Amino acid sequence: MNEQHDVPRWSPAPLLYASAGLHLSAAAAVLMRPRVWPWALTAVVVNHAGLAAAGLLPRSRFLGPNWVTLPVSGGETADVAITVDDGPDPDVTPQVLSQLAEHRARATFFCVGARVERYPDLAREIVHRGHDIENHSQRHRHNFSLMGPRGLSAEISRAQDTILRVTGSRPRFFRAPAGLRNPFLDPVLARLQLRLASWTRRGFDTVSANSDAVYRRLASPLQSGDILLLHDGNAARSRRGAPVILEVLPRLLDTVAARELHTVTLRSALAR
Ligand SMILES: [Zn+2]
């Protein structure tokens, strides 16, 4: 891969600059006029609530750069990215790979490091078939967004090492478990040369048994530049008992073809 597309050095997002400035101002105000402490404290509490809210919005850019669509450079693109999270899964992933092959489509798999360790052959098969595996943390901890810099760094670098060791390919993107973040994440990603990716639309296919509704959430309207989120791990079962992704993906790929769009991996979109 072309190294000139490496992640630039970390610089704080404007919200973080503003937050740091607010903390300093509040401290200075209390030192100079101690009676204003309730106001200073309120300002700091409101600021922290704002930072927490920004971390709860997976598609927000307040805490740092975040791919919610594919980048466009020079003219129109006709590309969409299918992203598949939480695998590999020994039952579902092989069928997803078959469906992708039938449609000559490529996808980005945000894999959990521990699952890559457990199913190394499956992880290698994903890469062998021309797809990319990216970093979705080592253990997919439910309290990921509550971890400090060291915990975040350990979770992400362990997955990075695991995926590189098993597949021979170093991830270039990270997606946070459930999309939830905190202000410590951005500098950790910059140090590990990872870009944060979320999505344009998600189908909620880990919780919805209604394949039609999942398809509609993803495909209406389907537009070039979209990053779509599905799951091969933790997939909900449809009313017919099948993993929802397996009922949705062929329809979605038919729609991609009908709109004369192409599927690309996030990594291939980096090279623009
Ligand atoms: Zn996930």
Side-chain angles (χ1 to χ4, degrees), residues 54-60 63-64 66-68 81-97 100 107-119 122-123 126-127 131-147 151-163 166-167 171-182 184-186 188-189 192 194-209 211 214 217-218 226-238 243-246 248-249 252 265-267:
L56 295 175
L57 299 170
R59 302 176 70 248
S60 86
L63 300 181
N66 182 7
W67 281 33
V68 298
I82 310 264
T83 62
V84 184
D85 284 18
D86 293 1
D89 179 278
D91 297 323
V92 181
T93 310
Q95 299 180 74
V96 169
L97 291 174
L100 290 167
T108 300
F109 290 78
F110 280 93
C111 288
V112 178
R115 298 186 70 90
V116 169
E117 263 168 4
R118 199 157 155 207
Y119 308 109
L122 195 45
I126 291 170
V127 173
H131 311 293
D132 291 331
I133 292 185
E134 305 293 355
N135 188 325
H136 195 35
S137 83
Q138 180 66 15
R139 292 174 295 175
H140 207 278
R141 299 274 305 253
H142 61 86
N143 63 345
F144 180 84
S145 66
L146 303 177
M147 295 175 116
L152 294 176
S153 181
E155 268 294 299
I156 299 167
S157 53
R158 267 186 73 194
Q160 197 76 346
D161 294 345
T162 302
I163 294 166
V166 170
T167 69
R172 308 287 294 272
F173 288 88
F174 175 76
R175 179 173 283 158
L180 306 181
R181 294 168 284 155
N182 69 38
F184 298 124
L185 180 62
D186 200 38
V188 171
L189 294 183
L192 294 170
L194 286 164
R195 289 167 197 266
L196 183 72
S198 54
W199 52 81
T200 315
R201 280 187 304 284
R202 56 177 156 176
F204 293 100
D205 56 334
T206 58
V207 290
S208 173
S211 300
V214 170
R217 278 194 281 268
L218 291 167
D226 279 354
I227 300 173
L228 306 175
L229 168 57
L230 284 156
H231 290 81
D232 56 351
N234 304 316
R237 304 290 144 166
S238 74
V244 167
I245 184 174
L246 300 179
V248 172
L249 188 57
L252 189 61
T265 64
L266 296 184
R267 220 179 284 185

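Ligands are counted one by one from 1 in listed order, and the atoms in each one are counted from 1 as well. What you see is a predicted model; the values in this text were computed from it and never measured.
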Nearest to the Zn ion (ligand 1) - the N/O/S atom of H136, by atom name: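 Output for this pair reads NE2.
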Name, closest N/O/S atom of D86 to the Zn ion (ligand 1):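 Distance check against the Zn ion (ligand 1) picks out OD1 in D86.
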side-chain contact (heavy atoms from CB on, under 4.5 Å) assessment of L146 paired with N182: CA-CA 7 Å; L146 303 177; N182 69 38; 6.0 Å; no
2.8 Å cut-off met by an N, O or S atom of H140 to the Zn ion (ligand 1):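 Within the cut-off used here (under 2.8 Å), H140 does place an N, O or S atom near the Zn ion (ligand 1).
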T83 versus R175, closest heavy-atom pair with distance: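 Closest approach of T83 to R175: OG1-NH1, 3.0 Å.
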Side-chain (D132) to main-chain (T108) donor-acceptor, under 3.5 angstrom: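 Answer holds: no.
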Centroid-centroid distance, F109 to Y119, less than 6.0 Å: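 No, the ring of F109 stays outside the 6.0 Å limit from the ring of Y119, centre to centre.
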